[in-house]
Amino acid sequence: MRQVTKLVKRAPEEELMDLPAHAQAYANADFSEPNSKFVALFSERFPGFKPPANFRSWVWPADITMRFAEQYPQQK
């Protein structure tokens with residue numbers, strides 16, 4: 001049986017950081033609370049999670065990677 005794949009029309013998102021001040025504001029933002037909440041919710045949802053060898057190279061901000069490393073210290 002042949003599988004049919006629907007193509008999704010993609011539309012680029014509007015650029016939100018056109019100016020240096022926008023990028024600076026983002027760089028200065030404190031995301032510690034939502035990043036901590038993300039890791040906590042992940043840990044609650046997947047209590048038996050065992051990080052794979054390439055876990056720290058997954059795509060997300062480095063702050064989240066550091067929080068996962070603290071949550072799952074057995075992964076080096």
Side-chain angles (χ1 to χ4, degrees):
M1 181 178 283
R2 185 170 183 223
Q3 182 179 1
V4 178
T5 304
K6 290 183 179 182
L7 297 177
V8 176
K9 185 176 180 180
R10 298 183 66 185
E13 294 179 2
E14 178 184 349
E15 179 57 59
L16 299 177
M17 290 190 270
D18 285 335
L19 302 174
H22 296 159
Q24 188 62 51
Y26 181 83
N28 292 339
D30 180 7
F31 295 104
S32 59
E33 184 178 344
N35 290 352
S36 292
K37 185 69 170 177
F38 174 79
V39 174
L41 291 172
F42 182 95
S43 298
E44 288 174 21
R45 178 66 174 93
F46 304 102
F49 178 72
K50 301 284 189 248
N54 69 342
F55 184 64
R56 292 187 185 170
S57 65
W58 291 5
V59 180
W60 45 41
D63 181 60
I64 292 176
T65 301
M66 293 170 59
R67 292 173 192 282
F68 267 101
E70 291 172 2
Q71 181 70 27
Y72 300 100
Q74 71 278 13
Q75 176 65 34
K76 295 183 181 194

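For the numbers below, each heavy atom of this structure counts, side chains included, while hydrogens, waters and symmetry mates do not. Everything quoted here is computed from the prediction, not taken from an experiment.
- Looking at residues two or more places apart in sequence or on another chain, you find a side chain to side chain contact (heavy atoms under 4.5 Å, CB included) between Ser36 and Arg67.
- Across all their heavy atoms, Asp63 and Phe31 have their closest contact at OD2-O, 4.4 Å.
- Every pair passing side-chain hydrogen bond (donor to acceptor under 3.5 Å, both in side chains) that includes a residue from residues 11-26 is listed here, sequence neighbours excluded: Gln24-Asn28.
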Expected list for residues 44-52: side-chain donor-acceptor pairs under 3.5 angstrom, two or more places apart:
none

